K.L.:
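Just dropping this structure here.
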Amino acid sequence: MPPTKSSFVTACQQVLALGVVLAALTPAASVVSLDVVRESPDGSPSPAIQGDLAAYTRAAEKPAKVPTQVVDPTVQEHQLTAPAGQPRARLDVERAPLARGKAGALPATSVTSLPAPVVGYGAVGVTWAHGTRVPEGDIALQVRTRTGDTWSDWMDLAYDAEHGPDPGTEEARHARPGTDALLVGDVDQVQVQVQTSEKALPADLRLAVVDPGTAAHSAMEKPALDTTSMDGTPGDAVPNATTSLDTDPGEGTGGSDRIDLSAAVFTPKPQIFSRAQWGADESMRDKSSLHYFEVHAGFVHHTVNANDYTRAEVPAILRSIYAYHTQSRGWSDIGYNFLVDRFGRIWEGRYGGIDRPVVGAHTLNYNDYSFAMSAIGNYDIKQPSQAMVEAYGALFAWKLSLHGVDASSTKQWVGSRYFEAINGHRDAASTACPGRYLYAKIPKIRKLAAEAQRGWSGRELESDLAGSPHPDLIVRRASDGQGFIIPTGGLTAFAPGVPAASGLSSGQQVVATPDLTGDGIGDLVVVAADGTAEVRPGDGKGAFGAAVRTTKQLAGHDLVTAVGDLDGDGNNDLVARWPDTGRLDALYGSGDGRFRVKHLGTTWGGYAALVGAGDLTGDGRPDVLGRKADGTVWLHPGARKGFGKKTQVGTWDRWSTVTGLGDFDGDGDPDLFARDAKSKAGYVLPSNGDGTFGHPLGPIARVTGVGALVGAAQLLGDGTPDLVTRSGAGLTVFPNNGTTEVGAPIATGMDLSKSNLVLNAGDWDRDGFGDVINRNATTGALFLRRGDGTGHFATPVKIAANFKGVGLLAAVGDMTGDGYPDLMGQPAGGAIRIYPGAGTKGLLPSYVAHGRIDAGRQVPVGRWNGDGAPDSLFRKGDKLTLYPGNGPGGLTTAKPLGLSLAPYDWVIGISDVQLTGHADVVVREKATGDLWLLQGTANGFTTRRYLAGGMGVYDLAG
């Protein structure tokens with residue numbers, strides 16, 4: 001960055017990247033779209049980049065001659081018709097309007113101005129009284145210039161009624177209709193003539209002649225990306241952000257007084273020359289009219305002026321357009337968000353931040369929902385250069401991705417109708433803009449932008465703190481203020497089924513069992529109607545081989561059940577019942593597929609099913625459950641010589657099938673798998689380790705369409721139980737994903753007793769591990785606790801002060817697109833603000849993201865509605881309201897969601913539990929302390945899903 005521009009660069013922009021990304025394209029033959037633009041270590045330019053954007057890349061690399069300080073343009077206006085109510089006004093015309101001032105005279109329908117002097121590389125335009133709408137076909141405007149003693153031919157002066165601010169806006173209330181600015185260049189005089197087919201020319205018709213001024217000092221500079229973005233809104237209270245990160249003795253135990261934060265990793269931006277680099281005088285714009293809204297599409301324009309300008313003349317051209325728009329048209333600023341010259345160089349247009357949804361004055365009725373880049377020149381009479389077309393592709397790819405818009409989208413809602421993501425101005429109105437030749441290039445621009453685009457430039461909400469990709473909660477134990485992590489595990493789930501066996505007859509009973517053959521892989525027992533049993537070994541891939549053993553030992557038995565190691569010899573066993581006597585036999589395995597039989601008693605006749613449950617009581621011996629026809633279930637605890645006295649577990653008439661064996665939830669205790677009689681969905685019945693079971697985990701829709709549950713066993717060698725199901729003559733194995741609802745709480749060692757807010761901040765320092773921020777209840781200071789990826793954290797370090805009065809404070813992911821997570825909150829009495837995270841600088845100055853929101857809690861949810869930019873939910877009473885994100889601009893129009901939060905006291909936004917594309921919400925039920933998951937969808941939430949109980953011992957969560 002040249003020292004001449006240091007006064008224009010804020011800390012926020014210093015973390016923005018310069019350059020354009022190298023990205024693989026589809027098809028593979030087109031291998032380069034954007035590339036990194038940088039200098040070699042010795043300062044020399046990097047080699048020319050070849051590929052789809054090579055012409056733009058070469059243009060972006062070259063320095064430009066730009067002013068090194070503000071240059072003031074001047075505008076001379078010449079009155080051509082009288083203002084309304086002033087018939088005797090002095091006019092600068094060759095002949096006065098017909099019979100001016102005489103009673104009964106006809107009004108003038110044509111006028112020619114006196115020759116007006118032109119200074120510098122001049123521009124001209126014609127405007128008329130505010131509120132006077134003149135159809136384009138009803139007025140003809142022409143201009144000619146004199147150089148020396150020679151006048152040029154008359155040429156058209158373009159008038160486009162669709163260029164301007166939207167009606168009803170503050171900017172439109174004093175805007176004047178008029179022509180586009182025409183660059184007349186280095187000439188001596190200019191003259192215009194105006195004719196109308198109406199009864200009279202518009203009132204207050206004026207010729208504006210713009211002198212862009214001359215730079216006193218210039219320098220050769222590369223694009224500066226001096227956007228002066230994120231400048232805040234006057235009048236809102238802004239908490240102070242510290243620039244040093246100091247340890248607070250009251251928030252921890254010693255440690256370094258500084259931390260080193262890793263560099264950001266994010267999508268770079270195309271190269272853009274700043275307003276300062278074309279000499280913009282910021283005092284000329286109306287600062288109070290700057291406002292932001294949304295970006296859903298981009299529009300291609302042209303400025304309809306000279307095509308033969310030089311590189312050095314471009315800053316003056318921009319100043320001319322700026323001066324004409326603000327001083328003659330009455331707009332608050334230059335109308336376009338960006339401009340591009342014929343050499344392929346991109347220039348910052350309207351003030352407010354290239355990365356934010358600044359509302360311009362370019363596409364009438366659609367400005368609030370779009371942005372525009374205008375090509376300098378008239379592309380109705382000239383072809384645009386390849387570099388210019390590529391510049392459009394690069395800029396639109398980045399800008400649209402920043403606001404979550406797919407550059408290839410053919411259906412974007414823009415205010416009142418649908419558009420494609422990239423459009424010509426004529427697609428929105430009856431206009432020739434952007435000229436027939438540039439308009440013909442829009443399909444190419446769309447293709448370039450779509451190929452270059454790599455999605456949202458920032459990062460969505462990150463919630464993993466304990467080393468897995470799944471989100472976690474940070475909570476505080478109420479009794480002592482200690483911090484714990486509650487890790488989520490992706491929910492109990494199974495992969496698609498794989499064929500495991502075929503050719504079974506209807507009379508054969510099939511039992512899935514832990515390893516019987518000594519290879520560590522679960523096996524299958526197939527019992528024929530005559531009692532002949534086969535042991536078929538698992539192959540470790542989810543299928544079963546040919547029988548290795550055949551036995552008649554099960555003849556006359558029913559309810560054959562795998563029960564684990566009954567006799568403690570290290571081999572798995574079976575039990576089976578004699579139905580006529582109720583006697584239970586144990587078939588003790590030998591580890592090679594053979595068995596020895598032992599009688600275990602005759603009290604088993606009343607059961608409709610037996611379930612091998614593993615060690616449910618924690619005494620080291622496997623237990624068996626007996627289920628009667630009325631649904632009552634009885635526990636038979638394992639004993640040294642069979643089973644002990646039975647106790648009733650409960651009534652399980654909800655379940656059509658209950659089976660085992662295996663630890664499904666990863667807590668070390670064996671669980672059961674059940675099938676709901678009505679929905680056919682599967683559920684895990686988690687063991688509590690004391691002979692009882694916890695709340696069912698599920699539903700698991702994967703098994704709803706299968707015929708019958710056979711059982712569970714470790715069939716893939718990964719330590720997790722897989723499901724075996726039967727449909728007719730075939731068996732299917734559903735591999736366990738190894739995921740579960742929540743893991744055991746992790747003690748972090750954090751003392752949060754002085755906090756009134758704790759936030760899962762995501763990877764705040766960009767070192768690859770999730771971090772936590774807490775707020776001191778007394779001082780309002782914010783403290784960063786850097787995570788190590790295992791659930792443990794470093795000494796707290798203060799990153800900001802004076803947040804005591806900020807309500808709705810939440811960690812929201814990377815809203816600004818600079819690679820660092822951000823915060824969002826609402827100062828007392830103020831609007832919702834974004835507090836950009838900035839690594840070693842703590843927080844950058846905040847800016848308004850949305851007007852005041854009256855809510856009890858902000859619930860950031862990342863890319864919840866799937867459009868790319870991070871979104872937030874807000875709890876308003878017992879209802880949730882969605883405020884979709886629009887990139888760095890913050891939040892957009894509210895959308896109420898039909899969900900009652902009355903039962904819950906916690907509502908916490910997290911990233912996607914199952915990593916499927918929609919962020920989720922965790923809630924805690926007030927009455928029970930149970931934790932539930934509300935899984936996000938494109939339209940709302942699925943039915944709530946149970947996560948865990950016992951959460952009532954915690955009083956803060958984030």
Side-chain angles (χ1 to χ4, degrees), residues 489-497 510-512 559 561-562 607-614 616 625-635 648-667 669-688 692-713 720-728 731-737 739-742 903 913-914 916 920 925 928 930-935 937 941-949:
L491 304 182
T492 302
F494 296 84
V510 181
V511 179
L559 304 187
T561 305
Y607 294 123
L610 296 179
V611 181
L616 297 176
L625 296 171
R627 183 179 182 184
K628 296 186 176 181
D630 63 1
T632 57
V633 178
W634 297 81
L635 171 64
Q648 185 173 352
V649 174
T651 300
W652 288 355
D653 53 0
R654 171 183 176 182
W655 313 114
S656 60
T657 308
V658 180
T659 186
L661 296 166
D663 179 13
F664 288 93
D665 62 3
D667 65 355
D669 295 320
D671 309 309
L672 303 179
F673 195 88
R675 191 177 194 183
D676 186 271
K678 293 182 179 179
S679 70
K680 307 299 182 183
Y683 288 82
V684 169
L685 305 182
S687 171
N688 291 329
T692 64
F693 294 87
H695 195 288
L697 305 178
I700 299 161
R702 185 76 73 186
V703 299
T704 56
V706 302
L709 292 178
V710 171
T720 60
D722 309 300
L723 292 179
V724 182
T725 69
R726 179 175 181 173
S727 295
L731 296 183
T732 299
V733 168
F734 291 90
N736 195 319
N737 285 350
T739 53
T740 188
E741 275 60 24
V742 299
V913 166
Q914 290 192 294
T916 56
D920 302 320
E925 197 165 29
T928 63
D930 289 343
L931 210 61
W932 294 84
L933 176 68
L934 306 178
Q935 288 183 275
T937 70
F941 298 96
T942 60
T943 302
R944 69 176 189 171
R945 180 159 172 165
Y946 179 85
L947 289 180

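All values reported here derive from a predicted model rather than from experimental measurement.
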K.L.:
Would you say Thr632 and Asp630 are linked by a side-chain donor-acceptor pair, where the criterion is simply a distance under 3.5 Å?
P.N.:
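Per modelled atom types, Asp630 and Thr632 side chains form a pair under 3.5 Å.
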K.L.:
Any side-chain heavy atom of Arg654 sitting closer than 4.5 Å to one from Asp676?
P.N.:
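With C-beta onward as the side chain, the pair touches.
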K.L.:
Any side-chain heavy atom of Arg675 sitting closer than 4.5 Å to one from Thr725?
P.N.:
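Side chain of Arg675 against side chain of Thr725, heavy atoms only: no contact under 4.5 Å found.
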K.L.:
When rounded to the nearest 0.5 angstrom, what is the spacing between CG in Asp653 and NZ in Lys628?
P.N.:
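The NZ atom of Lys628 is 15.0 Å from CG of Asp653, to the nearest 0.5 Å.
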K.L.:
Please find the pair of heavy atoms, one from Trp655 and one from Pro696, that lie closest to each other, and give the distance.
P.N.:
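Answer, listing the atom of Trp655 first, then Pro696: CZ2-CG, 3.9 Å.
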K.L.:
Less than 4.5 Å apart, side chain to side chain, heavy atoms only: is that true for Val510 and Val724?
P.N.:
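No, their side chains stay 4.5 Å or more apart.
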K.L.:
Any heavy-atom pair between the side chains of Leu616 and Asn688 that's under 4.5 Å?
P.N.:
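They are not in side-chain contact.
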K.L.:
Compare all side-chain heavy atoms of Glu741 with those of Val684 and state whether any distance is below 4.5 angstrom.
P.N.:
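No, their side chains stay 4.5 Å or more apart.
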K.L.:
Which atom pair, heavy atoms only, marks the closest approach of Ala712 to Ala512?
P.N.:
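Smallest heavy-atom distance, with atoms named: N-CB, 4.1 Å.
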K.L.:
Do the ring planes of Tyr946 and His695 sit parallel (below 30°), tilted (30 to 60°) or perpendicular (above 60°)?
P.N.:
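Rings of Tyr946 and His695: parallel, as their planes differ by under 30°.
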K.L.:
Quick check on ring-ring contact (aromatic ring centres under 6.0 Å, His included): which of Phe734, Phe664, Tyr683 does Phe673 satisfy it with?
P.N.:
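Output: one option passes, namely Phe664.
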K.L.:
Would you call Thr942 and Thr937 a side-chain contact if the rule is heavy atoms closer than 4.5 Å?
P.N.:
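Thr942 vs Thr937: side chains touch.
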K.L.:
Measure the spacing between CG of Leu672 and OG1 of Thr657 and express it to the nearest 0.5 Å.
P.N.:
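The CG atom of Leu672 sits 12.5 Å away from the OG1 atom of Thr657.
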K.L.:
When you compare the side chain of Arg726 with that of Val706, does any pair of heavy atoms fall below 4.5 Å?
P.N.:
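No, too far: nothing below the 4.5 Å cut-off.
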K.L.:
Minimum heavy-atom separation for Val649 to Leu635, with atom names?
P.N.:
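Closest heavy-atom pair between Val649 and Leu635: CG2-CB, 3.6 Å.
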K.L.:
Look at the side chain of Arg945 and the backbone N and O of Pro699, then say whether any donor-acceptor pair between them is shorter than 3.5 Å.
P.N.:
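A pair under 3.5 Å: yes.
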K.L.:
Judged by atom type as modelled, is there a donor-acceptor pair below 3.5 Å linking the side chain of Ser727 to the main-chain atoms of Gly707?
P.N.:
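A pair under 3.5 Å: yes.
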K.L.:
Do Arg702 side-chain atoms and Phe494 backbone N/O form a donor-acceptor pair below 3.5 Å?
P.N.:
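Judged by distance alone, yes, a pair lies under 3.5 Å.
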K.L.:
Quickly, which of Asp667, Asp671, Asp663 forms a side chain to side chain contact (heavy atoms under 4.5 Å, CB included) with Pro686? Name it, please.
P.N.:
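The side chain to side chain contact (heavy atoms under 4.5 Å, CB included) with Pro686 is passed solely by Asp671 among Asp667, Asp671, Asp663.
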K.L.:
Determine whether Leu723 and Val703 make a side-chain contact, defined as any pair of heavy atoms from C-beta on separated by less than 4.5 Å.
P.N.:
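Yes, at least one pair of side-chain atoms sits under 4.5 Å.
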K.L.:
Can you tell me if Arg944 uses its side chain to pair, donor with acceptor, with the backbone of Leu934 under 3.5 Å?
P.N.:
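The answer is no, because no donor-acceptor pair under 3.5 Å joins these two groups.
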K.L.:
Give a yes or no answer on whether the side chain of Asp665 reaches the backbone of Thr740 with a donor-acceptor pair at less than 3.5 Å.
P.N.:
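It does not hold such a pair.
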K.L.:
Using every non-hydrogen atom in the two residues, find where Val658 and Ala674 come nearest and quote the distance to one decimal.
P.N.:
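Here Val658 and Ala674 meet closest at CG2-CB, 4.1 Å.
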K.L.:
Could you tell me which non-hydrogen atom of Ala562 sits nearest to which non-hydrogen atom of Val511, and how far apart they are?
P.N.:
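Closest approach of Ala562 to Val511: N-CG1, 4.0 Å.
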K.L.:
Return the minimal non-hydrogen interatomic distance between Thr704 and Ser679, and the atom names on each side.
P.N.:
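Heavy atoms of Thr704 and Ser679 come nearest at CG2-O, 3.9 Å.
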K.L.:
Please verify the inter-ring angle class for Trp652 with Phe693; under 30° counts as parallel, over 60° as perpendicular, anything in between as tilted.
P.N.:
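Trp652 and Phe693: perpendicular rings.
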